[in-house]
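Throughout, protein chains are lettered first and strands after them, A, B, ... in sequence-line order, and every chain is numbered starting at 1. This is a predicted model, so every value here is computed, not measured.
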Protein chains: 2
Amino acid sequence: MKKQVNQPALPPGLDERLARSGLRPTTQRRQVYRVLLQKRDHPSAEEVFIRAKQELPDISMATVYNCLDTLVRCGLVKQVHHDRGATRYCSNMSEHHHFYCDECGGTYDITTDPEEGHPEMRLPPGFRMRGYEIAFNGLCPACATKKR
Amino acid sequence: MKKQVNQPALPPGLDERLARSGLRPTTQRRQVYRVLLQKRDHPSAEEVFIRAKQELPDISMATVYNCLDTLVRCGLVKQVHHDRGATRYCSNMSEHHHFYCDECGGTYDITTDPEEGHPEMRLPPGFRMRGYEIAFNGLCPACATKKR
DNA sequence: CTAGGTGCAAAAGGTTTGCGGTTAA
DNA sequence: TTAACCGCAAACCTTTTGCACCTAG
């Protein structure tokens with residue numbers, strides 16, 4: 001059963017991206033992507049589920065997880081991890097970092113300009129930084145050597 | 001039942017730190033801390049459990065979690081989170097960041113000098129960086145305002 | 001003696017999987 | 001028509017909790 005109300009504009013680029021990977025543009029994938037574009041507050045899978053359900057009452061958690069995973073693999077969405085909490089999803093694909101509020105738990109995108117100054121100096125006005133931690137990834141010396 | 005073999009030197013500072021918080025220096029807490037000092041490869045709770053069990057065959061997972069939590073609250077150990085994996089534990093309390101190897105999954109401490117240059121430039125020789133992400137924390141503008 | 005700790009087993013998130021039925025191309 | 005996808009329920013993994021027993025001060 002598909003609820004019928006006037007829906008916001010179709011997510012741009014989705015169908016082509018899916019097709020390029022040989023995947024189908026299903027109603028559920030469109031809706032999950034739409035949810036992520038509509039309110040960019042880094043919802044968890046469960047929050048995506050709740051929001052998607054308003055349009056597609058029969059959607060399941062498993063499908064939400066599947067769709068999110070598909071979107072991540074298509075390069076349309078990124079996962080955001082923080083502490084032990086649930087994985088959160090982010091449809092802002094431009095390079096940025098994150099600020100986690102110790103008080104309310106909110107997650108904010110921080111667009112640092114890597115050309116200038118130190119990260120702790122580059123926060124927008126109003127944020128009060130308590131600390132930061134950099135997570136590098138790539139190849140460790142041992143694996144880098146093995147690779148060539 | 002306590003296995004009796006000659007043990008490495010007692011963990012320094014532990015008993016005093018515990019006492020300062022009104023906590024008891026139990027055999028299990030000493031052993032868990034010893035494990036973390038002995039091999040600083042950021043073991044998960046399960047890995048700590050396995051290593052601690054070699055000396056204390058009757059120790060339980062719940063106790064390992066309790067002890068790790070106690071050590072964290074005493075400021076002797078830090079938690080390290082990465083992706084969806086299990087929480088890892090780190091006994092290096094000096095300020096540092098981390099490098100995660102995409103190939104072998106290893107976690108390495110990176111001591112960046114915040115006075116000089118950009119983080120991506122400050123990796124020790126041999127590491128090949130693919131990306132990095134900065135996780136700030138503190139108070140967001142809304143919560144910072146409420147606090148005063 | 002007794003508050004604080006331990007070990008066990010069960011429960012609680014969050015996420016993944018297996019499978020029969022459904023749907024887009 | 002049929003491979004890809006969905007919904008359901010059960011499994012899984014990590015972590016937390018409740019509770020009876022134990023132990024350090």
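The distance between atom CG of Leu56(A) and atom P of dC8(D), rounded to the nearest whole Å, is 12 Å. The distance between atom CG of Leu68(A) and atom P of dC5(D), rounded to the nearest whole Å, is 15 Å. Rounding to whole angstrom units, CG of residue Asp58(B) and P of dC22(D) are separated by 13 Å. Distance Phe49(A) CZ to dC6(D) C1': 13 Å, rounded to the nearest Å. Rounded to whole Å, atom C1' of dC21(D) lies 13 Å from atom CD of Gln28(B). Atom C1' of nucleotide dA10(D) and atom CE of Met61(A) are separated by 15 Å, given to the nearest angstrom. In this structure, Arg84(A) places its CZ atom 19 Å from P of dA12(C), rounding to the nearest Å. Remark: P of dG7(D) and CD of Gln31(A) are 12 Å apart, rounded to the nearest angstrom.
Out of dT15(D), dC5(D), dT15(C), the shortest distance to the side chain of Arg29(A) is found at dC5(D). The side chain of Tyr65(A) sits closest to dT16(C) out of dA24(D), dC8(D), dT16(C). Nearest nucleotide to the Thr63(B) side chain, out of dG7(C), dT15(C), dT15(D): dG7(C). Distances from the side chain of Ala86(B) to the nucleotides dC8(D), dT15(D), dC6(D) place dT15(D) closest. Residue Ala45(B) places its side chain closer to dT15(D) than to any other of dT15(D), dG14(C), dG5(C).
Thr87(A) comes within 4.0 angstrom of the backbone, heavy atoms only, and of no base.
The aromatic rings of Phe99(A) and Phe136(B) sit parallel, their planes meeting at an angle under 30°, below the 60° perpendicular limit. Classified by interplanar angle (parallel below 30°, tilted 30° to 60°, perpendicular above 60°), the ring pair His98(A)/His96(A) is perpendicular.
Comparing Gly22(B) and Asn66(A) by the nucleotide of DNA chain C whose heavy atom lies nearest to each, the residue mapping closer to the 5' end is Gly22(B). Comparing Glu46(B) and Ala62(A), the nucleotide of DNA chain D nearest to each residue sits closer to the 5' end for Ala62(A).
Checking the phosphate oxygens (OP1, OP2) of dC6(D), a side-chain nitrogen or oxygen of Thr26(A) falls inside 4.0 Å.
For a distance-only test at 3.5 Å, the side chain of Arg24(A) fails to qualify as a donor-acceptor partner of the base of dA25(C).
For residues 135-147 of chain B, the side chain to side chain donor-acceptor pair (under 3.5 Å) pairs, not counting sequence neighbours, are Asp102(A)-Asn137(B).
A side-chain N or O of Asn92(B) and one of Ser94(B) form a donor-acceptor pair less than 3.5 Å apart.
Under the side chain to side chain donor-acceptor pair (under 3.5 Å) criterion, Arg17(B) pairs with no residue, sequence neighbours left out.
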